[in-house]
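Below is one structure, written out as structure tokens; the observations come after it.
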Amino acid sequence: MKKCFIFALVALLSVACTVTKPNEPQGGGSIPVPTLKIRETAGVAYSYKSENIGCSEVEFLKTFVGKRVKTEKGTMRVDNILEIHRNVSSSQSSILFIDGDKHFDCSFFGLAVEYEY
């Protein structure tokens, strides 16, 4: 019994003496994070209509990200869209608003960016 108590006490002390810093990864240095530089920007906008499903930024992103768009200087590849803004209006087709289809007019605009690699 005394040996079990001593063993448990030693195990507890060895765990209690382990020091970790909460904001640093274990095992050494920090994780390198590359700094992205913006090569070009352009404003983009997208509108669509939807029935019974609300508006989603995903449709806006799928339309532009990874594709080429025309700009004043030529064309650019869209790597990301920053500062997404949306305007949503909805209406219901039933007079009593019971079991009627709900229609959404979805409009998005933002700043498309191309990064230097």
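As the structure is a computational prediction, the values presented were derived from the model and not from experiment.
Here Phe60 pairs with Phe64, Phe108 under the ring-ring contact (aromatic ring centres under 6.0 Å, His included) rule; sequence neighbours left out. When the side chain to side chain donor-acceptor pair (under 3.5 Å) test is applied to Ser50, no partner is found at least two apart in sequence or on another chain. Qualifying side chain to side chain donor-acceptor pair (under 3.5 Å) partners for Ser56, counting only residues two or more places apart in sequence or in other chains: none. Annotation: ring-ring contact (aromatic ring centres under 6.0 Å, His included) contacts of Tyr46 (sequence neighbours excluded): Tyr48.
Note that the OG atom of Ser89 and the NZ atom of Lys49 stand 7.5 Å from one another [nearest 0.5 Å]. The line from CG of Asn80 to CG of Leu111 is 9.5 Å long, rounded to the nearest 0.5 Å. Atom OG1 in Thr75 sits 8.0 Å away from atom CD in Glu40 (nearest 0.5 Å).
Shown here for Leu82 and Tyr115, the closest heavy-atom pair between the two residues is CD2-OH, 4.3 Å. Closest non-hydrogen pair, Arg86 versus Cys55, comes out as NH1-O, 3.4 Å.
Residue pairs meeting the salt bridge (Lys or Arg N to Asp or Glu O under 4.0 Å) criterion with at least one partner in residues 108-117, sequence neighbours excluded, are Arg39-Glu114, Arg77-Glu114. Under the ring pair (Phe, Tyr, Trp, His ring centres under 6.0 Å) criterion, the residue pairs touching residues 66-88 are His85-Phe109, with sequence neighbours excluded.
The residue from Ile84, Thr71, Ile81 that alone fulfils the side-chain contact (heavy atoms from CB on, under 4.5 Å) condition with Val44 is Ile81.
Under the 4.5 Å side-chain heavy-atom criterion for grouping Ile, Leu, Val, Met, Phe, Trp and Tyr, Val113 is connected to Tyr117 within one hydrophobic cluster. One hydrophobic cluster holds both Val69 and Val65 under the rule that ILVMFWY side chains link at heavy-atom gaps under 4.5 Å.
Using a 4.5 Å cut-off on side-chain heavy atoms (C-beta onward), Val88 and Phe104 make contact.
At most 12 non-hydrogen atoms from other residues, nucleotides or ligands lie less than 6.0 angstrom from CD1 of Ile53.
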